[in-house]
Amino acid sequence: MRYWLLKSEPFKYGWDDLIAEKEGTWDGVRNHRAKNNLAAMEVGDQAFFYHSREGLEIVGICEVSVAGITDPTDPEGKWAAVKVKPKTKLPHPVTLKQIKAEPKLADCELVRLSRLSVAEIKPDEWSVICATAGI
DNA sequence: GCCAACGTTGGC
DNA sequence: GCCAACGTTGGC
């Protein structure tokens with residue numbers, strides 16, 4: 001079981017959209033590192049849902065329901081995608097400010113590579129964020 | 001709205 | 001194969 005963080009701009013596709021759809025396809029990723037992360041995901045992996053540009057906070061947890069599919073929006077079929085289902089809405093969203101203020105999270109991919117849209121979260125980082133979120 | 005970080009493109 | 005120019009992302 002591995003942990004991830006999925007970034008999305010809430011005005012394009014937010015947590016509420018995922019709830020409404022019940023299952024969302026994570027496609028349109030055009031960054032190699034993010035693609036590698038997508039390709040490494042397995043069914044059952046957990047992922048934080050993070051709102052970028054607006055909100056700047058982790059709002060929920062979703063679970064990979066379908067792994068290893070090719071991006072349906074890519075005509076050449078070179079890019080990867082997964083499907084995710086919403087699992088838990090965080091009782092207390094964890095803001096980027098809180099993440100940056102926590103020394104244990106100082107070198108997670110989210111902080112280090114701020115432009116990466118699909119980041120890996122280490123198990124201990126996952127626990128720290130869950131604790132902060134009140135889970 | 002600005003700017004830093006990063007990726008991509010294209011001239012050489 | 002190098003690097004400058006440009007575009008995009010995302011935090012502030």
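Order of the sequence lines sets the chain letters (A, B, ...), proteins ahead of strands, with each chain counted from 1.
- The side chain to side chain donor-acceptor pair (under 3.5 Å) with A/R2 is formed by just one residue from the set A/E42, A/Q46, A/E120; it is A/E120.
- Rounded to whole angstrom, the span from the CD atom of A/E57 across to the P atom of C/dG10 amounts to 16 Å.
- Judged by closest nucleotide on DNA chain C, A/K12 is the one of A/K12 and A/K97 placed further toward the 5' end.
- In this structure, A/S117 OG and A/L38 CG are separated by 7.5 Å, a value rounded to the nearest 0.5 Å.
- Rounded to an integer number of Å, the gap from CD of A/E109 to C1' of B/dA5 is 15 Å.
- The aromatic rings of A/H32 and A/W79 sit tilted relative to each other, their planes meeting at an angle between 30° and 60°.
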I'd like a table of atom pairs between the protein and nucleotides 7-9 of chain B - only N or O on both sides, under 3.5 Å - with the distance next to each one.
none

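- Between the NZ atom of A/K7 and the P atom of B/dA5 there is a distance of 15 Å, given to the nearest Å.
- One can place CG of A/L110 at 11 Å from C1' of C/dG10, the figure rounded to the nearest angstrom.
- When heavy atoms are screened at a 4.0 angstrom cut-off, A/K100 is found touching the sugar-phosphate backbone but no base atom.
- Note that CZ of A/R112 and CG of A/L105 are 12.5 Å apart. Values are rounded to the nearest 0.5 Å.
- At a threshold of 4.0 Å, the pair A/K35-A/D71 does not count as salt-bridged, since none of the basic side-chain nitrogens sits closer than that to a carboxylate oxygen.
- Between the OG1 atom of A/T25 and the CG atom of A/L18 there is a distance of 10.0 Å, given to the nearest 0.5 Å.
- When each of A/R53 and A/S114 is assigned the nucleotide of DNA chain B with its nearest heavy atom, A/R53 is the one assigned upstream, toward the 5' end.
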